[in-house]
Structures are given as structure tokens and as C-alpha cells.
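See structure below.
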Amino acid sequence: MKVLVSIKRVVDYQLQVRPTADGLAVDTAGLKMSMNPFDEIAVEEAVRMREAGIADEAVVVACGSAACQDVLRTALAMGIDRAVLIVAETPLQPLAVARLLKVLALREAPDLILMGKQAIDDDAAQTPQMLAAMLGWPQATFASKIEVTGMQANVAREVDAGIEIVQVSLPAVISADLRLNTPRFASLPNVMKARRAVIEQIPAEGTGVDLAPRLETLSVAEIPTRPQGVRLASVKVLAERLQQAWRALQ
Amino acid sequence: MSTLVIVEHDNQRLHPHTRALLGAASRLAGEVDVLVIGHSCSTVAEEAATLEGVTRVRWVDAVHYSDLLAENLAMVVAQMAAAYRHVLLPATAFGKNLAPRVAAMLDVAQVSDIVGIQDAEHFVRPIYAGSLLETVRSREPVGVMTVRCSAFMPVGQSANAAPIVPFSAGPDMGVVRLLQRVRIDATHPQLANARVVVAGGRGLGSAEAFHRLLDPLAACFGAAIAATRAAVDSNYVGNDCQVGQTGKIVAPDIYIAVGISGAAQHIAGIRGAKLVVAINKDPEAPLIRLADLALVGDLHEVVPQLTEMLQR
Ligand SMILES: Cc1cc2nc3c(=O)[nH]c(=O)nc-3n(C[C@H](O)[C@H](O)[C@H](O)COP(=O)(O)OP(=O)(O)OC[C@H]3O[C@@H](n4cnc5c(N)ncnc54)[C@H](O)[C@@H]3O)c2cc1C
Ligand SMILES: Nc1ncnc2c1ncn2[C@@H]1O[C@H](COP(=O)(O)O)[C@@H](O)[C@H]1O
């Protein structure tokens with residue numbers, strides 16, 4: 001079986017971002033960039049499938065600027081076999097990414113596409129479902145457990161009411177939730193080896209895909225801050241304040 | 001101009017957030033149609049017909065919709081949606097799974113998690129775990145959107161029921177099958193629409209302490225139980241209790257956070273809460289700084305005392 005994993009390069013999840021001075025965009029200048037946390041989990045899952053002999057090849061892809069090579073090398077160091085960068089210097093929205101990934105999926109013909117459930121910058125949670133629709137494949141989103149047997153996968157999905165287990169026929173798109181696994185740290189020798197690996201580059205323009213953003217960001221603002229709260233001196237005061245608030249609700 | 005609202009249900013009842021979803025739809029001009037798609041779900045269609053602002057209910061009933069899986073639903077929704085200006089779904093696991101699939105079939109962009117509607121083209125949505133608000137313009141012929149229901153006013157009952165119009169079923173793709181649904185225990189009120197929420201974090205230390213301390217406190221208010229990802233990962237409670245960027249978004253009147261540090265990814269889920277109370281032994285914990293009412297202290301002492309005072 002062949003697995004394709006998609007990864008996005010985003011502002012590191014530990015950092016706080018601010019709007020630009022003109023309030024028109026997000027100021028990401030000079031911030032540390034990392035692999036989207038959900039994509040790290042997707043990569044880990046692909047590597048485990050490879051190690052368990054469920055997959056015989058794992059390919060990773062990122063769509064974006066040349067700078068994405070760093071996260072692709074991280075994926076290689078974690079144990080992915082081969083990396084592809086679809087180069088686009090302009091920002092891409094989920095619909096365009098899904099189209100680019102479709103082009104690659106048709107070329108690579110994977111049995112399974114593993115993705116993150118959402119990118120922590122746009123918080124869209126759209127690209128996997130869009131790609132599945134474009135390919136006419138089933139989708140198992142928000143996965144917390146994946147079991148592949150033959151040309152089928154049983155996937156536990158994290159849904160609002162708890163867990164839902166679905167069986168999808170392959171090929172399929174699966175998007176990873178946080179509890180699927182805990183990603184490994186790549187060893188130093190593997191990091192060194194990944195530095196020298198060749199990353200295939202495909203210019204996005206050459207694919208014929210319409211890359212133009214469909215949604216226009218008009219403004220970005222910080223959320224309104226809450227008024228300064230109070231520190232209470234004792235449990236008794238807290239009990240009184242809570243009783244007050246509770247009575248006001250009745 | 002008209003709007004199609006895809007409602008969430010379990011083939012028996014509408015999801016409680018449906019009134020707020022219709023509240024969002026009422027912010028857009030024109031008629032509002034509701035699509036009820038499922039199996040043996042006529043009572044759901046009847047319930048939807050009684051809600052304020054609904055012009056008609058379109059009802060699709062077939063056995064291959066009984067599990068409400070996106071692959072088959074999307075075929076019907078995409079076919080129907082092309083005739084509407086906007087298509088709204090709730091920003092829940094159900095809606096988030098379905099909406100992008102529909103949008104891709106219509107070849108349009110989708111807007112996720114809207115919390116504000118300015119007009120037919122302008123929407124407000126949180127990004128970066130809710131630390132920023134973005135105003136976007138969508139000029140797509142069909143605006144497919146998921147709605148954060150807690151941000152909108154629920155509609156009431158309508159004086160006369162809207163007509164229910166059956167619509168023919170689409171094909172069964174046969175590529176996915178539901179094997180099992182593990183349901184949450186129904187002893188606590190539903191988190192999504194609870195007025196009071198008692199939430200616990202890693203500070204509770206064990207599943208035993210979590211329940212021994214928080215269940216009686218929650219009982220004082222008939223409150224729902226919530227948790228951080230750290231608490232869920234430590235198996236204090238089930239994943240259905242997780243609040244935050246990747247869990248549920250809640251907007252209760254009172255949110256009582258016990259032993260929770262207040263990571264950005266957790267705060268993302270409680271920004272709509274009216275009164276935030278934090279109990280933490282660390283005076284520097286971000287949630288202590290953010291809370292409206294903060295009590296610095298050891299939760300093992302504070303919570304039993306508090307519960308006892310409230311019970312009186
Ligand atoms: C991509 C991503 C998504 C995430 N999504 C979510 C999400 O949806 N929801 C979520 O919650 N987290 C999420 N997280 C995790 C998040 O970053 C934090 O790790 C998590 O919220 C911390 O949980 P906590 O506050 O319970 O634990 P901790 O941060 O360990 O805090 C425990 C707190 O308990 C206090 N404490 C300890 N003992 C006592 C005592 N005896 N009395 C009083 N106080 C005490 C401590 O002072 C501390 O402040 C996500 C992380 C990532 C990377
Ligand atoms: N530019 C990109 N390159 C590669 N994969 C992406 C890109 N954008 C999104 N994805 C994938 O789609 C998932 C969901 O992203 P989103 O729909 O933007 O929330 C991510 O976790 C990635 O796996």
C-alpha cells in the first residue's frame with residue numbers, strides 16, 4: 001500500500017500572533033514556523049504504517065513557498081521515504097490546496113491520503129473533505145484510531161457525542177485528530193540524512209490549477225479583551241458571588 | 001436571495017443548537033428553507049416546520065441516510081444547494097465534516113466557524129485558535145458556511161407550521177459504513193447548551209479526584225462537565241468533554257475552571273462565556289489573569305468548602 005501525507009508550514013503553535021499595523025493581515029514576520037501539529041501526527045501515522053509493513057511507501061507533500069522545504073525535511077527525518085513540494089509563492093486557500101493535492105494524487109495513485117484535521121493558522125478544517133470530494137473518495141475525518149485490513153480501513157472518529165467507528169473502502173482520505181498518536185522526535189543522524197535528501201519541486205503554475213484566493217481578508221483584529229477581573233480573598237466570597245450570579249440567571 | 005439550512009439531528013429530534021443556527025440564517029435576506037435529511041425522520045421535519053422564520057422544510061428520507069454520513073448526504077445537499085445563495089451548517093463535527101465536501105462539489109470556497117454576519121458577502125470568523133478575528137468577503141455564487149451557533153440569537157416558535165416538501169433521495173455511494181457509535185452517558189446536561197459549566201484540568205490529578213470534587217460542585221447548578229485536553233488524555237473524562245480549539249466551543253453564563261492553566265488552545269473554546277471563574281494554586285496561571293473571578297488556592301481544599309457553602 002502507498003500512503004500520501006500532506007503537511008502545511010504554519011506559525012509555531014506556542015507563539016502568539018498579532019495583526020499587522022494596518023489591521024489588514026496577520027503579522028507573521030520573523031516568527032518561528034513549524035509543521036502544523038495535526039500534520040505531524042499524520043506523518044507519524046504514515047511512518048508507523050511503513051514500519052508495520054502495512055505501507056510499502058510513504059510520500060509527503062507540502063504546497064507553498066520554497067521555505068516549506070524545512071518541514072518536508074522534518075517529515076523525511078521522521079521516516080518518510082520521499083518528499084514533494086508544490087511550489088506556489090502566493091498564499092493558498094483550502095480549495096486551491098485540495099486541487100493541487102488532487103493533481104499529485106492522480107499522479108502518485110496512493111491507496112490512502114493522510115492529512116491533518118485542521119491547520120492551526122486558518123483553523124479551516126476543510127482541505128481533506130474537499131480533496132475527498134474531488135477524488136470521489138470516502139473520507140474519515142478527525143481520526144483517533146486507524147486499522148487497515150486489505151482494501152479497507154476501520155477508523156475511530158472523534159465526534160461531538162463521543163466516538164464513531166466507520167469502515168471506509170480504500171482509496172480514502174483520513175484526517176488526523178490529536179489523539180491518534182504521539183509524534184516522535186527525529187534522531188540527529190536522521191536529521192542529517194534528511195538535509196541531503198532531494199526534494200522534488202513541481203511549480204504550481206504548471207498544473208493548470210486555479211490558485212486565485214476566493215475569499216478576501218478585509219481586516220484582522222485582536223479579539224476584544226475582557227474587563228479586568230477580581231481576585232477574591234476567600235472561598236466564602238466566591239460562594240457568595242457565585243450564588244448571586246446563579247440567582248440572576250433564574 | 002434565499003438560504004438553505006442543513007439541520008443536525010439523530011432521526012428523532014433536532015439538535016438543540018438548531019434555533020441559533022436559524023438565528024444566523026435570519027441575518028441574511030430572503031427566504032429560509034430547512035433541509036432535513038435522514039431515515040425515518042418525519043418527526044424531525046415536523047419539529048423543524050414549527051420554528052420561526054422557516055419558509056419550507058425540504059425532507060429527504062432514505063435508509064442510506066440513517067447514519068448521517070457525509071458521502072451520501074453531500075450528493076443531495078450539493079444538488080439542492082446550487083439553487084440557493086447561502087447554505088448554512090452548524091460548526092459541529094457533523095457540519096464540519098459535510099460542509100467542505102459540499103463546497104468542493106459546487107466548486108466554491110467555504111467559510112468556517114462564522115461568528116458574525118455583516119451582509120450577504122461579509123463574515124467574521126476566528127483564526128489562530130480564536131486569538132484573532134478575521135473579516136472575510138466571499139463573492140462565491142453559493143456561500144457555504146459553518147456557523148458557530150453560540151454566537152447567534154436563537155429563534156422562537158412560529159405561529160403556523162411551514163409546509164414539508166419531500167425531495168427524492170440520491171444514490172448510495174456504498175464506500176463507507178458506520179460500525180459503531182459510542183454514546184456519551186446522559187447523566188450530565190449537554191455541554192453545548194449548558195448555562196453553567198464546571199471544567200477540570202490536569203490539576204485535579206486523577207480521575208477519582210476529578211469526579212469526587214467536580215461532580216458535587218456541578219450538581220449545585222445542574223452544570224455540565226468539561227475538561228482540558230490534558231485531563232481527557234489522562235482519562236479523567238471522555239473526549240466528548242474536551243473544550244477548546246480542537247474540542248467543543250461553549251458559551252455558558254458561568255464557566256468554573258478548576259486546576260486549568262489556561263493555554264491559548266483551551267481559552268479558544270470559552271471566549272463566549274459570560275462569567276469565568278478560575279481556581280488555581282498558581283497566581284501566574286493565564287486563566288487566573290483572564291478570569292472575572294479568580295481564587296488562588298489549593299483546589300483540594302477550596303472545592304469541597306465551596307461545594308458545601310453552595311449546598312447550604
Ligand atoms: C494543536 C493543539 C490543539 C490543542 N487543543 C486543545 C483543546 O482543544 N483543549 C485544551 O484544553 N487543550 C488543547 N491543547 C493543549 C493545550 O495546549 C494545553 O496543553 C492544555 O490545555 C493544558 O491543560 P491543563 O490546563 O489541564 O493542564 P496544565 O497546563 O498542566 O495546567 C494544570 C493547572 O493546574 C494547576 N494546579 C495543579 N495542582 C493544583 C492544585 N492542587 N490546586 C489548584 N491548582 C492546581 C496548575 O497550577 C496548572 O495551572 C492543544 C494543543 C495543541 C498543540
Ligand atoms: N498548503 C498546504 N500544503 C499541504 N497540505 C496542506 C496545506 N494546507 C492545508 N493542508 C492540509 O490540510 C489539512 C487541513 O487544513 P485546513 O483545511 O487549512 O484547516 C492540514 O492539516 C494539511 O494536512
Side-chain angles (χ1 to χ4, degrees), chain A residues 13 16-17 19 26 93-95 98 118 120-127 129-130 132-134 137-139 141-142 144 154 158-169 177-179 214-223 226 229-232 235-236 238-239 241-243 245-246 249, chain B residues 69-71 74 92-93 96-97 100-101 103-105 108-113 126-138 140 175-184 195 221 229 233 238-240 246 248 253-254 264 271 275 277 290-296 302 305-306 309-310:
Chain A
Y13 81 96
Q16 172 69 42
V17 289
V26 180
Q93 292 180 349
L95 192 64
Q118 84 190 49
I120 59 160
D121 49 3
D122 63 17
D123 280 339
Q126 298 174 1
T127 316
Q129 298 90 309
M130 287 182 158
M134 289 172 187
W137 292 4
Q139 63 189 45
T141 49
F142 327 140
S144 59
N154 288 1
E158 299 223 0
V159 295
D160 296 336
I163 302 284
E164 172 178 297
I165 301 169
V166 293
Q167 182 171 75
V168 290
S169 56
D177 212 321
L178 289 171
R179 265 176 282 279
R214 300 284 190 92
L215 302 177
E216 188 189 349
T217 299
L218 299 181
S219 69
V220 173
E222 231 142 350
I223 49 141
R226 299 179 82 93
V230 286
R231 299 247 169 140
L232 304 177
V235 184
K236 188 155 172 288
L238 176 56
R241 295 290 294 265
L242 272 173
Q243 265 157 346
W246 174 241
L249 288 182
Chain B
L69 298 172
E71 290 79 352
T92 56
K96 288 180 178 190
N97 191 37
R101 192 162 179 116
M105 290 170 83
V108 295
Q110 190 235 302
V111 187
S112 293
D113 280 301
I127 52 174
Y128 284 90
S131 55
L132 300 176
L133 284 176
E134 163 188 63
T135 303
V136 293
R137 174 179 209 172
S138 165
E140 296 287 24
V175 289
V176 56
R177 199 155 67 86
L178 179 72
L179 298 182
Q180 196 187 352
R181 226 166 237 165
V182 186
R183 291 220 158 264
I184 37 169
R195 300 192 73 184
F221 305 102
R229 180 186 165 208
D233 285 351
N239 69 310
D240 52 290
T246 50
K248 291 199 175 78
D253 291 297
I254 305 177
R271 291 200 191 273
L275 181 75
V277 178
L290 175 121
D292 303 297
L293 301 177
L295 186 69
V296 177
V302 170
Q305 286 174 21
L306 177 65
M309 289 176 192
L310 291 169

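Residue numbers begin at 1 in each chain, while the letters A, B, ... track the order of the sequences. Just so it is clear, the structure is predicted and the values come from calculations on it, not from any experiment.
- Residues A:V168 and B:R177 have side chains not in contact (no heavy-atom distance under 4.5 Å, counting atoms from C-beta outward).
- Put simply, of A:R231, A:R241, A:E158, the one with the most heavy-atom pairs under 4.5 Å next to chain B is A:R231.
- Heavy-atom pairs under 4.5 Å with chain B were tallied for A:Q118, A:R179, A:Q93, A:E222; the largest tally goes to A:R179.
- Annotation for A:A133 and B:M105: closest pair CB-CG, 4.1 Å, computed over non-hydrogen atoms.
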Discussion item. One pair to check against side chain to side chain contact (heavy atoms under 4.5 Å, CB included): A:S144 and A:I163. What are the steps and the verdict?
Written reply: CA-CA 9 Å; A:S144 59; A:I163 302 284; 4.1 Å; yes
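- For chain A, the nearby part of B:K248 is the side chain; its heavy atoms alone come within less than 4.5 Å.
- The greatest number of non-hydrogen atom pairs below 4.5 Å with chain B, out of A:A239, A:A245, A:A221, is found for A:A221.
- With a 4.5 Å cut-off on non-hydrogen atoms, B:V277 touches chain A through its side chain but not through its backbone.
- Contacts of B:Q305 with chain A are made by both backbone and side-chain atoms, with heavy-atom separations under 4.5 Å.
- Contact annotation for A:P94: neither backbone nor side-chain heavy atoms come within less than 4.5 Å of a heavy atom of chain B.
- Among B:T246, B:D253, B:V111, the residue with the largest count of heavy-atom pairs under 4.5 Å with chain A is B:T246.
- For B:D292, the parts lying under 4.5 angstrom from a heavy atom of chain A are both the backbone and the side chain.
- Most heavy-atom pairs under 4.5 Å with chain A: of the set B:V136, B:V176, B:N239, this distinction falls to B:N239.
- Heavy-atom distances place both the backbone and the side chain of B:L133 under 4.5 Å from chain A.
- Taking CG of B:L310 as the reference point, atom CG of A:L242 lies at 6.0 Å (rounded to 0.5 Å).
- Contacts of B:E140 with chain A are made by side-chain atoms alone, with heavy-atom separations under 4.5 Å and no backbone atom involved.
- Only the side chain of A:R226 comes within contact range of chain B, with at least one heavy atom under 4.5 Å from a heavy atom of that chain.
- No other option in B:R137, B:R181, B:R101 has as many heavy-atom pairs under 4.5 Å with chain A as B:R101.
- The two residues A:W246 and B:F221 have their closest heavy-atom pair at CH2-O, 3.3 Å.
- The contact between B:A291 and chain A is made entirely by backbone atoms, counting heavy-atom distances below 4.5 Å.
- At a 4.5 Å heavy-atom cutoff, the contact between B:L69 and chain A is made by side-chain atoms alone.
- Results of the side chain to side chain contact (heavy atoms under 4.5 Å, CB included) test with B:Y128 over A:V17, A:V220, A:I120 single out A:V17 as the only residue that passes.
- In this structure A:W137 satisfies the ring pair (Phe, Tyr, Trp, His ring centres under 6.0 Å) test with no other residue, sequence neighbours excluded.
- Looking at A:L95, only its side chain comes within 4.5 Å of chain B, counting heavy atoms on both sides.
- With hydrogens and angles disregarded, no donor-acceptor distance shorter than 3.5 Å links the side chain of B:R195 to the backbone of B:I254.
- The two atoms that bring B:A109 and A:R214 nearest to each other are CB-CB, 3.6 Å, heavy atoms only.
- Here the side chains of B:L132 and A:V26 are in contact, with some heavy-atom distance below 4.5 Å.
- Of the listed residues B:I127, B:L178, B:T135, the one with more heavy-atom pairs under 4.5 angstrom with chain A than any other is B:T135.
- Among A:L238, A:D177, A:N154, A:V159, the residue making the largest number of heavy-atom pairs under 4.5 Å with chain B is A:L238.
- Each of A:Q243, A:E216, A:Q16, A:Q126 has some count of heavy-atom pairs under 4.5 Å with chain B, and the biggest count is that of A:Q126.
- Per-residue heavy-atom pair counts under 4.5 Å with chain B were compared for A:Q139, A:K236, A:M130, and the maximum is reached by A:Q139.
- In this structure, the side chain of A:Q129 engages the main chain of A:A125 through a donor-acceptor pair within 3.5 Å.
- The OG atom of B:S112 sits 9.0 Å away from the CG atom of A:D123 when rounded to the nearest 0.5 Å.
- Neither the backbone nor the side chain of A:A98 comes within contact range of chain B; no heavy atoms are under 4.5 Å apart.
- Separation of atoms CG (B:L293) and CG (B:L295) is listed at 9.5 Å; rounding is to 0.5 Å.
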